[in-house]
Amino acid sequence: MSSVTFEHLTKTYPNGFVSVDDVNLHIEDGEFVVFHGPSGCGKSTILRMIGGLEDITSGRIYLDNELLNDILPRDRRLSMAFQNYTLYKNFNTYENIALGLRLRNFPLTVIDSRVKTAAKFLGIAEILDKKLKAISDADKQRTALCRAIVCQPKVMLVDEDFARQDENRRKEMISDILKINRVMKITVLYVTNNYEEAVSLGKRTVFMKDGKITHISEAAEKRSKC
Ligand code: ADP
Ligand code: MG
């Protein structure tokens with residue numbers, strides 16, 4: 001796990017539009033932080049800058065003490081759940097989970113152990129040999145999450161686009177991600193424009209509007225300790 005720090009993080013598009021405007025925030029090791037705000041307020045832009053899909057116009061992002069700005073996206077120890085959802089229908093569950101590790105030429109024994117551990121962790125060990133079309137949507141989602149965790153990221157980025165689905169599946173996904181955060185100690189940044197969801201998670205919530213943080217609500221468990 002890792003802490004994530006934004007210092008004066010800013011994104012200005014070539015047309016002059018300021019999508020993220022001087023954002024400062026420190027996210028602690030192992031924290032689960034929710035970003036909430038209306039559509040267009042800059043939530044996804046922040047995740048895309050962390051993931052390296054978008055250049056940072058100015059400001060800095062740190063993962064622990066490491067400046068992320070100059071690190072190539074593929075070398076960042078992150079997982080972007082919204083990017084990982086592309087599963088291949090001709091692959092079985094095992095092959096879908098293993099894909100990222102295969103592409104990075106991990107030894108087969110390491111791949112095998114990580115895939116089996118992750119599948120067991122999220123309760124899909126029984127379907128590893130099933131083709132994608134033979135498994136439920138909920139299990140497809142777990143397959144995508146397993147693919148993300150076998151790479152052992154320090155931070156997991158979850159955009160609402162990944163979670164745009166029916167309510168039950170969304171709840172299952174959230175409970176899986178909470179488990180990943182709690183047990184595997186992976187720091188999670190979770191983006192949603194659903195207010196009920198943002199506040200019901202009981203985590204620290206960062207409220208955004210027009211590219212800026214308007215306020216931050218502390219996690220319920222922290223409040224109750226005060
Ligand atoms: P959110 O995820 O909060 O809905 P985004 O981070 O996707 O919002 O987008 C923030 C703002 O940046 C939006 O108003 C969007 O229209 C704008 N935006 C996104 N990409 C570009 C671009 N390439 N050029 C100009 N504006 C953009
Ligand atoms: Mg978005």
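Indexing begins at 1, ligand by ligand and atom by atom, following the structure's order.
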Out of all atoms in ligand 1, which are within 4.0 Å of some heavy atom of [X]? Include the element for each.
X: Ser19; value: 10 (C), 11 (C), 12 (O)
X: Asn15; value: 25 (C)
X: Gly42; value: 1 (P), 3 (O), 6 (O), 8 (O), 10 (C)
X: Thr45; value: 5 (P), 6 (O), 9 (O), 10 (C)
X: Ser39; value: 4 (O)

ask   = About how many Å separate CZ of Arg114 and SG of Cys151, when rounded to the nearest 0.5 Å?
value =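 The SG atom of Cys151 sits 7.5 Å away from the CZ atom of Arg114.
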task = Output the distance between atom OG1 (Thr12) and atom CG (Asp21), rounded to the nearest 0.5 Å.
result =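 Rounded to the nearest 0.5 Å, the OG1-CG separation comes out at 7.5 Å.
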key: Sub-4.0 Å protein heavy atom next to atom 10 (C) of ligand 1   =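 Yes.
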key: Flag: protein heavy atom within less than 4.0 Å of atom 16 (O) of ligand 1   =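 It does not; no protein heavy atom is within 4.0 Å.
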key: Ser39 near the Mg ion (ligand 2): N/O/S under 2.8 Å   =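 So Ser39 does not count as coordinating the Mg ion (ligand 2).
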task = Could you check Lys171, Arg170, Arg169 and say which one makes a salt bridge (charged side-chain N to carboxylate O under 4.0 Å, His left out) with Glu167?
result =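 Testing Glu167 for a salt bridge (charged side-chain N to carboxylate O under 4.0 Å, His left out) against Lys171, Arg170, Arg169 leaves exactly one candidate, Lys171.
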query = Under a 4.0 Å N-O cut-off, is there an ion pair linking Lys179 with Asp176?
reply =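 Asp176 and Lys179: not salt-bridged.
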message = For the OH atom on Tyr88, are there more than 12 heavy atoms of other groups (residues, nucleotides or ligands in this structure) within a distance under 6.0 Å?
response =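 12 or below, so no.
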request  = Have a look at Thr93 and tell me which of Leu87, Val115, Leu132, Ile124 forms a side chain to side chain contact (heavy atoms under 4.5 Å, CB included) with it.
outcome  =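 Of Leu87, Val115, Leu132, Ile124, side chain to side chain contact (heavy atoms under 4.5 Å, CB included) with Thr93 is met by Ile124 alone.
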query = Is any side-chain heavy atom of Val4 closer than 4.5 Å to a side-chain heavy atom of Leu25?
reply =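 SC-SC contact between Val4 and Leu25 ruled out.
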query = With sequence neighbours excluded, what pairs up with Lys209 under the side-chain contact (heavy atoms from CB on, under 4.5 Å) test?
reply =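 Lys209 satisfies side-chain contact (heavy atoms from CB on, under 4.5 Å) with Thr214 only.
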request  = Only heavy atoms count here, so choose which of Phe35, Tyr13, Phe17 is nearest to atom 20 (N) of ligand 1.
outcome  =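 Checking each option, the heavy atom nearest atom 20 (N) of ligand 1 is found in Tyr13.
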message = Test your reading of the structure: does Cys41 have an N or O sitting under 3.5 Å from an N or O of ligand 1?
response =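 Right, the criterion is met.
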ask   = What protein heavy atom is closest to atom 4 (O) of ligand 1, reported as residue, atom name and distance in Å?
value =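 Answer for atom 4 (O) of ligand 1: Gly40 N, 2.7 Å.
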message = Please list the nearest protein heavy atom to atom 7 (O) of ligand 1 with its residue and the distance rounded to 0.1 Å.
response =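 Here the nearest protein heavy atom works out to Ser44 CB, 3.7 Å.
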